[in-house]
Structures are given as C-alpha cells and as structure tokens.
Amino acid sequence: AETDRVAIGSRTTSTANQVTFTTDFSSSSISGLKMFEIGIFGSGPVNGSSNMYFREGFGSLSLDGTTEIQAQITFQIV
C-alpha cells in the first residue's frame with residue numbers, strides 16, 4: 001500500500017531533450033519502511049485519478065534509520 005509521496009527536490013534540463021528529476025529521502029523520513037517501488041506522478045487528478053508517468057519496482061529494501069536514498073529519474077524526449 002502506498003505510504004507517502006515525496007515532492008521532487010530538483011529538476012535539471014541542462015541536456016538537450018532530457019529532463020532529470022531528483023528527490024532525497026532522509027533516513028528519519030523513511031525509517032521503518034519497506035520500499036519496493038518508486039514512481040513519478042502528475043500533480044492533480046485527471047478523470048478522477050492521478051497520472052503515473054513512471055514506475056519502477058525492485059526487491060524490497062528494509063530501511064532501519066541509517067540509510068538515505070537519492071532517486072534520479074531521467075526522461076528523454078525523442
């Protein structure tokens with residue numbers, strides 16, 4: 001079940017036709033959670049539901065308060 005959505009910390013557009021979104025998860029904000037996917041959602045509902053632009057699943061990470069995570073997702077326009 002979804003626990004939380006964290007706002008994107010920064011957006012980089014220095015490379016032509018690419019945008020990179022970066023967010024940081026501090027050890028205190030994710031302590032005690034099991035993380036098993038990450039994604040990017042649009043802001044605000046469309047037709048009654050959120051827009052999901054990207055979702056990546058992975059093996060469960062058990063977070064014990066000593067780990068910080070930085071996620072970067074890059075979209076390339078073709």
Side-chain angles (χ1 to χ4, degrees):
E2 180 181 316
T3 303
D4 194 10
R5 292 187 182 179
V6 176
I8 292 174
S10 67
R11 179 183 64 209
T12 306
T13 57
S14 57
T15 302
N17 299 327
Q18 286 187 354
V19 61
T20 299
F21 297 99
T22 304
T23 191
D24 293 296
F25 299 90
S26 69
S27 59
S28 60
S29 69
I30 58 176
S31 179
L33 298 179
K34 288 192 177 202
M35 182 179 267
F36 56 90
E37 66 181 11
I38 195 161
I40 292 196
F41 293 83
S43 61
V46 174
N47 297 328
S49 62
S50 296
N51 286 332
M52 183 187 306
Y53 299 110
F54 173 83
R55 178 179 170 246
E56 182 70 32
F58 44 83
S60 178
L61 300 173
S62 294
L63 303 162
D64 63 3
T66 62
T67 305
E68 294 185 358
I69 295 174
Q70 182 182 76
Q72 292 185 333
I73 300 171
T74 301
F75 289 102
Q76 182 171 2
I77 312 319
V78 291

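The residues of the chain are indexed from 1 along the displayed sequence.
- When side chains are defined from C-beta on, Phe54 does not count as touching Phe21, because their heavy atoms never get closer than 4.5 Å.
- By the side chain to side chain contact (heavy atoms under 4.5 Å, CB included) test, Thr20 pairs with Thr12, Thr22, Gln72, Thr74, sequence neighbours left out.
- Contacts classified as salt bridge (charged side-chain N to carboxylate O under 4.0 Å, His left out) and involving residues 53-78 (residues at least two apart or in different chains) are given here: Glu37-Arg55.
- The two residues Phe58 and Ile38 come nearest to each other via the heavy atoms CE2-N, 4.0 Å.
- Considering only residues two or more places apart in sequence or on other chains, Ile69 meets the side chain to side chain contact (heavy atoms under 4.5 Å, CB included) condition with Phe25, Ile30, Met35, Leu61, Leu63, Thr67.
- Rounding to the nearest 0.5 angstrom, the gap separating the CD atom in Gln70 from the CG atom in Asp24 is 4.5 Å.
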